Amino acid sequence: MLNSLLGGFATYSRLKGSNDDDWADRCNHLYTVLLLALFSIFVSTGQYVGDPIQCWCPAEFTSAFVAYTKYYCWISNTYYIPMRDVIPSEIHWRESKEINYYQWVPIILLFMALMFKIPCIIWRVFNGASGVSLEKIVDLTAATQIGSPVTRDQTIHHIAIYMDRWLETHREYHWNVIVRIRQKIAKFCCFFCGKREGTYLTGFYLFIKMLYVVNVYSQFFILNAFLGHNFYSMFGFEVVENLAKNYEWRESHRFPRVTLCDFQIRQLQNIHRYTVQCVLPINLFNEKIFIFIWFWLVLISAATSGNFLFWIYRVVFRQNRVKYIKKYLKITNNIHTIADKKLARRFADQYLRDDGIFVLRLVSKNSNDMVLSDLVQELWRIFRNKPHIIKDLPEETGRPSI
C-alpha cells in the first residue's frame, strides 16, 4: 500500500527533473533547492515540535511565569553578551546587540530555495516560444540508448525531421533593411535577436545562466542582511582559521547558545523589569547548517560561473560550432573532401545556426556521443537532399540520391 502511494513520487526521474538543461543548472535549481528544503524542515522540527529555548528564571516564578518567559523570549529578540563582560545598564545598548534571526531561519531557507528555483521556472515557461520542445527531443534521444536498433533508427529519423521542420519554419523569408541589420547583429551577439535569426534559445539560455550566477552571489548579501552582522561573506574563512589555531570547535558569537532576555511585567500600576538567561539549543544546529551552506555556496558559485563563461566561449566564437559539427561528421565518416568541409561549415552556420547547435549540445549532455552522431548524420542527410543544396554541390562531393 505504501509503495503504491509513494511509487509515483519517490522515483529518480521525478527527482531529477526535466532534461532541458545541464549539470550546472541542476546543481542550482534541483540539488541546492532540495538541500535548503531539507534544512528548513529540520530546523522547523526543532522549533515547532521540540523546545527551542530554555530560560533560567527567578525562584519566585511559577510554572505559568516560566512558560510565559520562554514564549516571550522566543518571539522577541534575545541579545548576546559574553560571560566575562558586564551587562550594560543602558537599554538601547542591549537592544543594539539583539539577535533577530533565529525565529526566521526556516523561512529564509525556503526563500533562498525559491530564488534558486526562479531561473529554472523562467526557462521552463518561456523556452517553448522558440517553437521546439526541448524536453521531448532530449527525452526521446535519451530513450534510444536502450531501445532496439530498428526503433532507435526510426526515433532518430523522426527527431531529425522534426528539427528540420523547426529550423526551416523559423527562418526569415522577408528581406529589408531591418532584417539585414538584425542578421548582422546576430553574427556577433545573440542577446539582441530572435528565433528567426536562429539565436532565441541560445541567447535566452545564456540569460538564464547569468541569472543563476547573479542569484548565487546575491545569496551572500542576503544572508549578511538577514543575520544582521555583515559577516557571512567571510564566515567560512573564520571557521577554518579558528579550527587551524585552536584545533577544537568553540562557541561562535555569531550563533550564541547562551543569551540574555529582557522583559517587563505589569502588576497594577507597577512595572517590573526582569533579565533572564536563556539557552538556544537550536543555534547549535543553525551554526553547522550555515557553515555547510557557506561552503556549498562557494562551490556552486565557482561551478556556475565557470559553466557560464564556458557557454559564453562556445557561443561567441563562431568556429566552435563548426568544429563541433565536423567532429561528429568525421565520426560517421561523412567528410572526405575540401568541398565536404565547406559544406559542413554551411551546414553549421546557415542550416543549424546557434539554436540548432544548442539543441544538439543539450542532447549530447543528456545522452551520449553515439546518439548524437546518428542524429547529426541524419540531419546532414536531410540537409544534402534539399534541392537548393544539391544545385550548389560541385561534382566532386557526389550528389546524394533522393
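In this text, all values refer to a predicted model and were calculated from it rather than measured experimentally.
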* **Side-chain heavy-atom pair Leu134, Phe358 within 4.5 angstrom cut-off** => yes
* To do: Using only heavy-atom distances, determine whether the side chains of Tyr205 and Asp21 contain a donor-acceptor pair under 3.5 Å.
  => no
* Sidechain-backbone polar pair: Asn320 side chain, Tyr313 backbone, donor-acceptor under 3.5 Å -> yes
* Structure fact -> Scanning both residues in full, the closest heavy-atom pair of Val276 with Pro58 reads CG1-CD, 4.2 Å
* To do: State whether a side-chain donor-acceptor pair under 3.5 Å links Thr69 with Tyr274.
  => no
* Step through the shown structure and confirm whether more than 12 heavy atoms of other residues, nucleotides or ligands are within 6.0 Å of NZ on Lys342. => no
* Determine the minimum heavy-atom distance between Ser76 and Gln103, stating which atoms define it. => O-NE2, 3.0 Å
* Is the shortest side-chain N to carboxylate O distance from Glu287 to Arg257 below 4.0 Å? -> yes
* **Steps toward side-chain contact (heavy atoms from CB on, under 4.5 Å) verdict (Leu206, Val315)** => CA-CA 9 Å; Leu206 290 179; Val315 173; 4.0 Å; yes
* Are any of the side-chain heavy atoms of Ile289 and Val105 separated by less than 4.5 Å? -> no
* To do: State whether the side chain of Ser40 and the backbone N or O of Pro106 hold a donor-acceptor pair below 3.5 Å, judged by distance alone.
  => yes
* Structure fact -> Of all heavy-atom pairs linking Leu372 and Leu360, the shortest is CD1-O, 3.5 Å
* To do: Step through the shown structure and confirm whether more than 12 heavy atoms of other residues, nucleotides or ligands are within 6.0 Å of NZ on Lys117.
  => yes
* **Aromatic contact, Tyr328 with Trp380 (centres under 6.0 Å)** => no
* Asked: Given side chains that start at C-beta, do those of Arg353 and Leu167 come closer than 4.5 Å, heavy atoms only?
  -> no
* **Check against side-chain contact (heavy atoms from CB on, under 4.5 Å), Arg321 and Asp349** => CA-CA 8 Å; Arg321 62 187 182 190; Asp349 288 340; 3.0 Å; yes
* To do: Look only at the side chain of Asp85 and the backbone of Ile81, and say whether a donor-acceptor pair between them is shorter than 3.5 Å.
  => no
* To do: Could you tell me how the ring of Tyr68 sits relative to the ring of Phe263: parallel (under 30°), tilted (30 to 60°) or perpendicular (over 60°)?
  => perpendicular
* Go through the side-chain N and O atoms of Tyr351 and Asp164 and say whether any donor and acceptor fall under 3.5 Å apart. => yes
* Does Gln377 reach the main-chain N or O of Ile331 with its side chain, forming a donor-acceptor pair under 3.5 Å? -> no
* Report yes or no: does Asn283 contribute a side-chain atom to a donor-acceptor pair with the main-chain N or O of Pro256 at less than 3.5 Å? => yes
* Asked: Under the side chain to side chain donor-acceptor pair (under 3.5 Å) criterion, do Tyr217 and Ser305 qualify, and how do the steps go?
  -> CA-CA 10 Å; Tyr217 284 105; Ser305 301; 3.0 Å; yes
* **Side chain to side chain, Tyr212 and Cys120, heavy atoms closer than 4.5 Å** => yes
* Take the angle between the ring planes of Phe285 and Phe42 and call it parallel below 30°, perpendicular above 60°, tilted in between. => perpendicular
* For side-chain contact (heavy atoms from CB on, under 4.5 Å), just list the numbers for Ile382 and Asn385, CA-CA rounded to whole Å, side-chain angles, deciding distance to a tenth of an Å, and then say yes or no. => CA-CA 5 Å; Ile382 294 175; Asn385 282 333; 5.9 Å; no
* Structure fact -> Scanning both residues in full, the closest heavy-atom pair of Ser133 with Tyr162 reads N-OH, 3.1 Å
* Check step by step if side-chain contact (heavy atoms from CB on, under 4.5 Å) holds for His157 and Arg381. => CA-CA 10 Å; His157 177 70; Arg381 186 190 64 80; 3.6 Å; yes
* Expected output: side-chain Lys70 to main-chain Gln54 donor-acceptor under 3.5 Å -> no
* Asked: At their closest point, which heavy atom of Cys57 faces which heavy atom of Phe61, and how far apart are they?
  -> CB-CD2, 3.6 Å
* To do: Can you measure from CD1 (Ile325) to CG (Leu329) and round to the nearest 0.5 angstrom?
  => 6.5 Å
* Asked: Any side-chain heavy-atom pair from Leu280 and Pro52 closer than 4.5 angstrom?
  -> no
* Taking the six-membered ring for Trp, are Phe255 and Tyr101 parallel (under 30°), tilted (30 to 60°) or perpendicular (over 60°)? -> perpendicular
* Does Ser130 reach the main-chain N or O of Asn127 with its side chain, forming a donor-acceptor pair under 3.5 Å? -> yes
* Could you tell me the separation between the CG atom of Leu299 and the OG1 atom of Thr32, rounded to the nearest 0.5 Å? => 9.0 Å
* Indicate yes or no: at least one non-hydrogen side-chain atom of Trp123 is less than 4.5 angstrom from one of His29. => no
* Is a side-chain N or O of Asp340 found less than 3.5 angstrom from the main chain of Thr337, in a donor-acceptor match? -> yes
* To do: Answer with yes or no whether the side chains of Asp354 and Thr199 bring together a donor and an acceptor at under 3.5 Å.
  => no
* Asked: Do side-chain atoms of Asn366 reach the backbone of Val138 as a donor and acceptor pair under 3.5 angstrom?
  -> no
* Asked: Is there a side-chain contact between Ile293 and Leu109 (heavy atoms, below 4.5 Å)?
  -> yes
* Asked: Is Asp369 paired with Lys327 through a side-chain N to carboxylate O contact shorter than 4.0 Å?
  -> no
* Rounded distance [0.5 Å steps], CD1 in Ile300 versus CG in Asn307 -> 11.0 Å
* Asked: Which pair of heavy atoms, one from Val258 and one from Tyr80, lies closest together, and at what distance?
  -> O-CD1, 3.4 Å
* Spatial distance of atom CH2 (Trp56) from atom CG (Leu260) [nearest 0.5 Å] -> 14.0 Å
* Asked: Hey, is CZ on Phe65 packed in by over 12 heavy atoms from elsewhere, all under 6.0 Å?
  -> no
* Answer yes or no for Cys261 and Cys278: SG-SG distance under 2.5 Å. => no
* Asked: Is a side-chain N or O of Asp25 found less than 3.5 angstrom from the main chain of Trp23, in a donor-acceptor match?
  -> no
* Pairwise distance CG(Leu379) to CD1(Ile156) - rounded to 0.5 angstrom -> 9.5 Å
* Say you draw a straight line from CE of Met210 to CD1 of Ile208; how long is it, rounded to the nearest 0.5 Å? -> 9.0 Å
* To do: Measure centre to centre between the rings of Phe226 and Trp104, then say whether the value is under 6.0 Å.
  => no
* Asked: Are Arg361 and Tyr324 in a cation-pi setup, meaning NZ or CZ lies under 6.0 angstrom from the ring centre and within 45 degrees of the ring axis?
  -> yes
* For residues Asp22 and Trp311, is any side-chain donor paired with an opposing acceptor at under 3.5 Å? -> yes
* **Thr304 versus Asn28, side-chain donor and acceptor atoms under 3.5 Å** => yes
* Would you say Arg152 and Val371 make side-chain contact, with heavy atoms under 4.5 Å? -> yes
